[in-house]
Amino acid sequence: MSALLRFVVVGVANTAVYYLFYRLLLLGMPYVPAHLLAWSGAVVFSFFANSLFTFGVRPTWRRFLAYPLTTLVNLTFTTIGSVLLVEWVGVDERYATLIMGIAAVPVTFLLTRYVLTAGREPAPPPPPA
């Protein structure tokens with residue numbers, strides 16, 4: 001399975017983790033704090049899942065501290081792109097965020113790969129046959 005496909009699988013799982021956390025937190029708090037805490041928990045889940053499953057790197061504090069930047073870039077990209085699609089292109093607002101969410105996958109994948117694998121030593125070459 002390619003790293004991009006593993007990244008998409010982690011994204012789907014991350015959405016489920018976020019929603020589960022959100023619904024559980026709603027049982028005891030208002031929706032905005034529930035959303036923020038669920039988003040934070042999902043970022044932590046995503047970091048470990050992408051480190052270990054998608055890119056096969058050891059989670060480190062440096063990577064952990066840099067990782068939220070990938071989600072902020074994703075949020076900025078999808079928000080600005082959605083506004084442009086609705087306001088300039090005339091795309092229905094019900095579909096603009098879906099389109100931009102899909103468009104953000106390769107951008108976020110590349111940024112996440114860079115954040116999680118920068119400075120990693122390459123794997124040794126296979127032995128000669």
Side-chain angles (χ1 to χ4, degrees):
M1 181 185 305
S2 74
L4 180 57
L5 184 55
R6 288 191 305 268
F7 183 77
V8 171
V9 168
V10 168
V12 170
N14 190 55
T15 301
V17 165
Y18 161 79
Y19 194 65
L20 177 66
F21 283 174
Y22 177 67
R23 291 299 300 264
L24 288 172
L25 291 167
L26 276 179
L27 298 173
M29 64 180 59
Y31 74 94
V32 172
H35 162 68
L36 294 172
L37 286 172
W39 179 84
S40 299
V43 167
V44 172
F45 168 81
S46 180
F47 167 73
F48 283 103
N50 276 310
S51 292
L52 299 169
F53 177 68
T54 305
F55 298 109
V57 297
R58 188 175 53 102
T60 65
W61 280 108
R62 182 192 67 76
R63 289 178 177 131
F64 181 74
L65 294 174
Y67 187 77
L69 294 175
T70 66
T71 60
L72 293 176
V73 168
N74 179 290
L75 178 64
T76 302
F77 181 82
T78 57
T79 302
I80 292 171
S82 295
V83 170
L84 292 175
L85 284 177
V86 171
E87 300 297 326
W88 289 11
V89 181
V91 172
D92 189 312
E93 62 192 22
R94 294 173 293 177
Y95 306 113
T97 56
L98 178 61
I99 293 167
M100 288 312 300
I102 294 167
V105 169
V107 173
T108 307
F109 171 77
L110 293 172
L111 181 59
T112 301
R113 182 175 67 184
Y114 175 77
V115 166
L116 294 181
T117 64
R120 180 175 83 170
E121 292 183 25

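Atoms considered below: every heavy atom in the structure, side chains included; atoms not considered: hydrogens, waters and symmetry mates.
Leu52 contributes atom CG, which lies 8.0 Å from atom CZ of Phe47 (distance to the nearest 0.5 angstrom). In this structure, CG in Asn74 is found 8.5 Å from OG1 in Thr76, a value given to the nearest 0.5 Å. With values rounded to the nearest 0.5 angstrom, Met100 atom CE is found 9.0 Å from Ile80 atom CD1. The distance from atom CG of Asp92 to atom CG of Leu85, rounded to the nearest 0.5 Å, is 11.0 Å. Taking OG1 of Thr15 as the reference point, atom OH of Tyr22 lies at 14.5 Å (rounded to 0.5 Å). The structure places CG of Leu116 at 8.5 Å from OG1 of Thr54, a figure rounded to the nearest 0.5 Å.
Transitive grouping of hydrophobic side chains (ILVMFWY, heavy atoms separated by less than 4.5 Å) brings Tyr18 and Tyr31 into a common cluster. In terms of hydrophobic clustering, with Ile, Leu, Val, Met, Phe, Trp and Tyr side chains grouped at heavy-atom distances under 4.5 Å, Ile102 and Val107 are assigned to different clusters. If you chain together hydrophobic residues whose side chains sit under 4.5 Å apart, Val12 and Leu4 never meet in one group. Under the 4.5 Å side-chain heavy-atom criterion for Ile, Leu, Val, Met, Phe, Trp and Tyr, Leu110 and Val8 are members of the same hydrophobic cluster. A single hydrophobic cluster is not seen to contain both Leu37 and Val32; linkage of ILVMFWY side chains at heavy-atom distances under 4.5 Å, directly or through other members, places them apart.
Across all non-hydrogen atoms, the minimal contact from Val115 to Ala66 is CG1-CB, 3.8 Å. Across every non-hydrogen atom of Pro30 and Leu26, the tightest pair is C-CD2, 4.3 Å. Of all heavy-atom pairs spanning Pro68 and Val43, the tightest one is CG-CG1, 4.3 Å. Closest heavy-atom contact between Leu69 and Leu111: O-CD2, 4.3 Å.
Around the CZ atom of Arg23, the shell of radius 6.0 Å holds no more than 12 heavy atoms that belong to other residues, nucleotides or ligands.
Proximity of Val44 to Phe64: side-chain heavy atoms (C-beta onward) are separated by under 4.5 Å at one or more points. Considering only heavy atoms from C-beta on, Thr108 stays 4.5 Å or farther from Phe77 through its side chain.
One N or O on the side chain of Thr78 and one on the backbone of Leu75 form a donor-acceptor pair closer than 3.5 Å. Between the side chain of Ser46 and the main chain of Ala42, no donor-acceptor pair closer than 3.5 Å is present.
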Inset, instruction - Go through Phe55 and Phe109 one step at a time and tell me if the ring-ring contact (aromatic ring centres under 6.0 Å, His included) criterion holds. - result: CA-CA 10 Å; Phe55 298 109; Phe109 171 77; 5.6 Å; yes

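Judged purely by distance below 3.5 Å, without hydrogens or angles, the side chains of Tyr67 and Arg63 never pair a donor atom with an acceptor atom.
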